[in-house]
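Because only heavy atoms are used, hydrogens play no part in the values below, and waters and symmetry mates are left out as well, while side chains stay in.
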Amino acid sequence: GEYINGQKGKGKNFEYDNNGDLIFEGEYKDGQRWNGKGKEFENNGNLIYEGEYKDGVRHGKGKYYYKGILIYDRYFFYGKRHKGKEYNLIGNLIYEGEYLDGDRYGKGKYYYNCKLIYDGYPFFGRKHGKGKEYDDNGILKYDGEYRDGVRHGKGREYDNKGNLIFEGRYSWGLKVNE
């Protein structure tokens with residue numbers, strides 16, 4: 001690639017570690033990974049990240065890999081996951097939604113064995129706020145409020161056929177008789 005005043009310049013460049021293994025392929029400007037597309041690699045050649053950069057960090061649309069397996073796809077915000085899809089190591093979708101500072105936070109959907117099991121607001125990975133919980137067959141089990149991962153507040157519970165069996169208040173996972 002180009003060098004200007006001893007720094008990697010604008011244009012496509014290749015960066016290698018001390019062993020000569022490729023660790024980055026992409027555009028640079030003023031010596032840092034530029035507001036363009038690039039690819040990062042582990043020293044064994046496995047792809048770690050491919051996508052956009054801003055101010056030298058992952059920013060914009062991109063994909064993140066672990067040992068060559070896609071585990072996150074969509075948007076990064078200054079190096080952290082922002083809004084996207086997360087996969088397990090066998091390629092199954094496990095979460096789709098918003099992140100705050102790289103952690104699951106905001107509206108999101110959780111999946112287990114490729115089936116939706118929760119749709120609502122996680123608070124750093126725990127159910128918190130209004131949400132819907134589903135069984136393994138996709139049947140609604142609960143629609144209501146959560147706090148710190150348990151049913152808490154107003155909610156409706158359903159049986160395994162989708163029939164309403166309880167409507168009322170929950171306190172830390174227990175039904176409250178009013």
- Note on the structure: Here the pair of heavy atoms bringing V57 nearest to G79 is CG2-N, 4.0 Å

- Residues passing the side-chain hydrogen bond (donor to acceptor under 3.5 Å, both in side chains) test with D143, sequence neighbours excluded, are K130, R156

- Item | From SG (C114) to CG (N88), nearest 0.5 Å | 8.0 Å

- Query: For the hydrophobic clusters of this structure (ILVMFWY residues joined by side-chain heavy atoms under 4.5 Å, transitively), does one cluster hold both L116 and L93?
  - Reply: yes

- By side-chain hydrogen bond (donor to acceptor under 3.5 Å, both in side chains), which residues pair with Y65, not counting sequence neighbours? E50

- Residues L47 and E40: closest non-hydrogen pair is CD1-O, 3.4 Å

- Message: Counting only heavy atoms not in K175 (residues, nucleotides, ligands), do more than 12 fall under 6.0 Å from its NZ?
- Response: yes

- Query: Looking at residues at least two apart in the chain, or sitting in another chain, which of them share a side-chain hydrogen bond (donor to acceptor under 3.5 Å, both in side chains) with Y95?
  - Reply: none

- Task: Give the ring-plane orientation class for Y118 versus Y110, where under 30° counts as parallel, over 60° as perpendicular and anything between as tilted.
- Result: tilted

- Task: Not counting sequence neighbours, which residues clear ring-ring contact (aromatic ring centres under 6.0 Å, His included) with H82? List them please.
- Result: F77

- Calculate, to the nearest 0.5 Å, the distance between atoms CZ and NE2 belonging to R147 and H152 respectively. 5.0 Å

- Residues, nucleotides or ligands: over 12 heavy atoms within 6.0 Å of Y66 OH: no

- Tightest non-hydrogen contact, residues V176 and F166, listed as O-CZ, 4.2 Å

- Task: Mark yes when over 12 heavy atoms from residues, nucleotides or ligands other than Y16 sit less than 6.0 Å from its OH; otherwise mark no.
- Result: yes

- Task: Using salt bridge (charged side-chain N to carboxylate O under 4.0 Å, His left out) as the criterion, point out the one residue from R151, K141, K132 that pairs with E157.
- Result: R151

- Query: For the hydrophobic clusters of this structure (ILVMFWY residues joined by side-chain heavy atoms under 4.5 Å, transitively), does one cluster hold both Y111 and I139?
  - Reply: no

- Item | Joint cluster assignment, F41 & F14, ILVMFWY side-chain distance < 4.5 Å | yes

- Message: Suppose we screen for side chain to side chain contact (heavy atoms under 4.5 Å, CB included). Which residues come up paired with N163, at least two apart in sequence or across chains?
- Response: D159, K161

- Task: Sequence neighbours left out, what pairs pass salt bridge (Lys or Arg N to Asp or Glu O under 4.0 Å) with at least one residue falling in residues 72-91?
- Result: K80-D101, R81-E86, E86-R104

- Message: Within the structure provided, determine whether Y134 and D119 are in side-chain contact (heavy-atom separation under 4.5 Å).
- Response: yes

- Message: Do Y75 and Y105 land in one hydrophobic cluster if side-chain heavy atoms of ILVMFWY residues count as linked below 4.5 Å?
- Response: no

- Taking the six-membered ring where the residue is Trp, are the ring centres of F24 and Y53 under 6.0 Å apart? yes

- Query: For Y72, does the OH atom sit with more than 12 other heavy atoms under 6.0 Å from it, leaving out its own atoms?
  - Reply: yes

